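These numbers were taken from a predicted model, which means no experiment stands behind them.
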Amino acid sequence: MPVDDLVDAAVANDLDFIVVTDHNTYQPTTYEYRQGVLIVHGEEVTTPVGHVVLLDVDTVRRSPPDTADVRWSLPYHRDVGDAGARFAAHPNGRRWWIDRSASRIDGMEIWNADTEWRNDTPLDWIEALTILPFRPALGMIALVDRPARNLAFLDSASVRRRLATTCAVDAHARIDITDDWYIGFPTYRMTLGLVHQHVPIAEPLTGDADIDGPMLVTSMRRGGGHCAIGGMADDAGVDIRRIDGDVRVTLPEDIRRSRIRVFRNGAVVAEEEASALSVPASEAGMYRVEIDVRARLIRPRWFPWILSAPIWVGSTPDDPLSLIHI
């Protein structure tokens, strides 16, 4: 559907930026502002290894493929230290990311709405379809799941290298019935409200797309921040950071019931129902935080809400180029 429809949905959901990545366009990345929303026009490429999102495409393709790219039949390359970013899209979705070492990417999607809707149980769908006619947005939330396989992939791959994380809705705004007929559902406005990616940036946005766009892409590649899923609560006041050797989590006071879990190298090191938590991070490794909220739709259950980016303590894995042996 038209990009203007996406922009309208972004404005309605109070988003600062959106990333639009059509498939196999083979066009350079461009940046623009529309209605105050920064738009990054990137690309999603279909490869034998899986689908990969390229941001700052012309920079990623600046160098000729090396032996590892040729081995994986990947049509892109980024030298160490170059700009640009490569994210594995829906790495456990319809097209798995085959290279489970994640050696040729800068990061991965840890939550993808389209993927999560496809792995629900009949009970989930009954609940969603019951709510959908009356409260469509809440009906979509009924299909929100914890992305267990993606998080396990992140935990295992992070032993070998440092990875950034992102989240996406994979918004199509339509369900095709035939070549000429389709159902206009779910709408962009509905899907863009399902996930917010909070990205720490070096400087405030200037309003100049040619400055802000590359800065955003660089910030996404460096990692940090968190994903907020489902619109279950106000995520603007969530604060996750490492301070004085501790991983500290602080939530808005109006969150009624929440569960905070802190992981190190994939293992739970702390779990508590609270609005704040401080965990010593004296041992080296990759820490991350998951926050769930308790809610009742038709049945009460815990819903995934916040997925933090990795927080590294101590030494970090080398760049993947130094770990590849062919």
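The aromatic rings of H226 and H198 sit parallel to each other, their planes meeting at less than 30°, with 60° as the upper class boundary.
Annotation: ring pair (Phe, Tyr, Trp, His ring centres under 6.0 Å) contacts of H41 (sequence neighbours excluded): none. Applying the side chain to side chain contact (heavy atoms under 4.5 Å, CB included) rule to T218 yields the partners R222; only residues at least two apart in sequence or on another chain are considered. S282 is linked by a side chain to side chain contact (heavy atoms under 4.5 Å, CB included) to nothing, counting only residues two or more places apart in sequence or in another chain. Every residue two or more places apart in sequence or in another chain that forms a side chain to side chain contact (heavy atoms under 4.5 Å, CB included) with P300 is listed here: R294, R296.
Using a cut-off of 4.0 Å between Lys/Arg side-chain N and Asp/Glu carboxylate O, D4 and R34 are scored as salt-bridged. Note on R259 versus E272: no salt bridge recorded, every NZ/NE/NH1/NH2 to OD/OE distance being 4.0 Å or above. Between R261 and D292 a salt bridge is recorded (basic side-chain N to carboxylate O distance below 4.0 Å).
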The test is side chain to side chain donor-acceptor pair (under 3.5 Å); show your working for D8 and Q35 and say whether it passes.
CA-CA 8 Å; D8 290 341; Q35 299 186 51; 2.9 Å; yes
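Hydrophobic side-chain contacts under 4.5 Å tie F263 into a cluster, directly or through other members, with V268.
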Give the table of side-chain donor-acceptor pairs shorter than 3.5 Å for residues 145-155, with sequence neighbours excluded, one pair per line with atom names and distance.
residue : atom : partner : partner atom : Å
R146    : NE   : E290    : OE1          : 2.7
R146    : NH2  : E290    : OE2          : 2.9
R149    : NH2  : N92     : O            : 3.1
N150    : OD1  : N92     : ND2          : 2.7
N150    : ND2  : I110    : O            : 3.3
D155    : OD1  : R288    : NE           : 2.9
D155    : OD2  : R288    : NH2          : 3.0

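Shown here for V289 and S308, the closest heavy-atom pair between the two residues is N-OG, 2.7 Å.
Neither side chain, T206 nor D208, offers a donor N or O lying under 3.5 Å from an acceptor on the other.
Side chains of E43 and H23 form no contact here, defined as non-hydrogen atoms less than 4.5 Å apart.
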